[in-house]
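Since this is a predicted model, take the numbers as computed values, not measurements.
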Amino acid sequence: MSIVVGFVPTPAGQAALAAGIAEAKLRNEDLVIVNSARQGALVDKSVAPEDVLEQAAKRAADVGVAATVIQPPYQHDLADEFLDVAREVDASLIVIGLRHRTQVGKFILGSHAQQILMQADRPVLAVKADGGNF
């Protein structure tokens, strides 16, 4: 089994990574760091540069946690693709970062985090970046 972390290069993504590393170390499990972009998108701010992903894996390795980084592209729904990865690796825990969004933003754009929380068939740990106001 493993811990799956949804990672984006943001403070919330860094908080999710830190929590995922801590949980993997505590449970003596591997870590799968997932960073995904919409298939065919020319620019996507949620895609982490290669050096950032290498640093993320190194942070895990530095505390004795084996980490794998994957970047599966998604076509239709990011939450569904992310949950498919969690099932494929038989994740014992999913870790995601949360960020504050307005009610209008949630209504218009939806919330991948909310979909993951509601549709996951395994435990989900949702964390927010330090100092975040909700």
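Taking CD of E50 as the reference point, atom CG of L53 lies at 8.0 Å (rounded to 0.5 Å). Considering OG of S2 and CD of E23, their distance stands at 13.0 Å, rounded to 0.5 Å. With rounding to the nearest 0.5 angstrom, the CZ atom of R122 is 6.5 Å from the CE atom of M1. One finds the NZ atom of K128 at 14.0 Å from the CD1 atom of I96 (value rounded to the nearest 0.5 Å). Of the inter-residue distances, the one linking Q55 atom CD with Q14 atom CD reads 8.5 Å to the nearest 0.5 angstrom.
Between V95 and A16, the closest heavy-atom pair is CG1-O, 3.4 Å. The heavy-atom pair separating I21 from A56 by the smallest distance is CD1-O, 4.4 Å. Of all the heavy atoms in V5 and G20, the pair that sits closest is CG2-CA, 3.6 Å. Annotation for N35 and F7: closest pair ND2-O, 2.8 Å, computed over non-hydrogen atoms. In plain terms, the two heavy atoms of V65 and A24 that are nearest each other are CG1-CB, 3.7 Å. In terms of heavy atoms, A120 sits closest to I94 at CB-CD1, 4.1 Å.
A heavy-atom distance below 4.5 Å is found between the side chains of L125 and L93. Using a 4.5 Å heavy-atom threshold, the side chains of P72 and V34 count as touching. Using a 4.5 Å cut-off on side-chain heavy atoms (C-beta onward), I70 and V85 make contact. Between L98 and V127, the closest side-chain pair of non-hydrogen atoms is not below 4.5 Å. Inter-residue side-chain proximity for D30 and I3 is flagged as unmet; no heavy-atom pair is nearer than 4.5 Å.
Of the N and O atoms on the side chains of E29 and S92, at least one donor lies less than 3.5 Å from an acceptor on the other residue. In this structure, a donor-acceptor pair under 3.5 Å is present between the side chains of Q115 and D77.
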task = Output, in order, the C-alpha distance, side-chain angles, deciding distance and verdict of side-chain contact (heavy atoms from CB on, under 4.5 Å) for Q119 and Q114.
result = CA-CA 8 Å; Q119 296 175 7; Q114 183 176 358; over 6 Å; no

L31 and T68: CA distance, side-chain angles, deciding distance, side-chain contact (heavy atoms from CB on, under 4.5 Å) verdict = CA-CA 6 Å; L31 185 69; T68 303; over 6 Å; no

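No donor-acceptor pair under 3.5 Å is formed between the side chain of S36 and the backbone N or O of Q71. A donor-acceptor contact shorter than 3.5 Å is absent between the side chain of K25 and the backbone of G64.
Ion pairing of R87 with D84 is present here, as a side-chain N (NZ or NE/NH1/NH2) and a carboxylate O approach within less than 4.0 Å.
Under the 4.5 Å side-chain contact rule for hydrophobic residues, L26 and L17 do not share a cluster.
No more than 12 heavy atoms of other residues, nucleotides or ligands lie within 6.0 Å of CG in N28, so this atom counts as exposed by the packing criterion.
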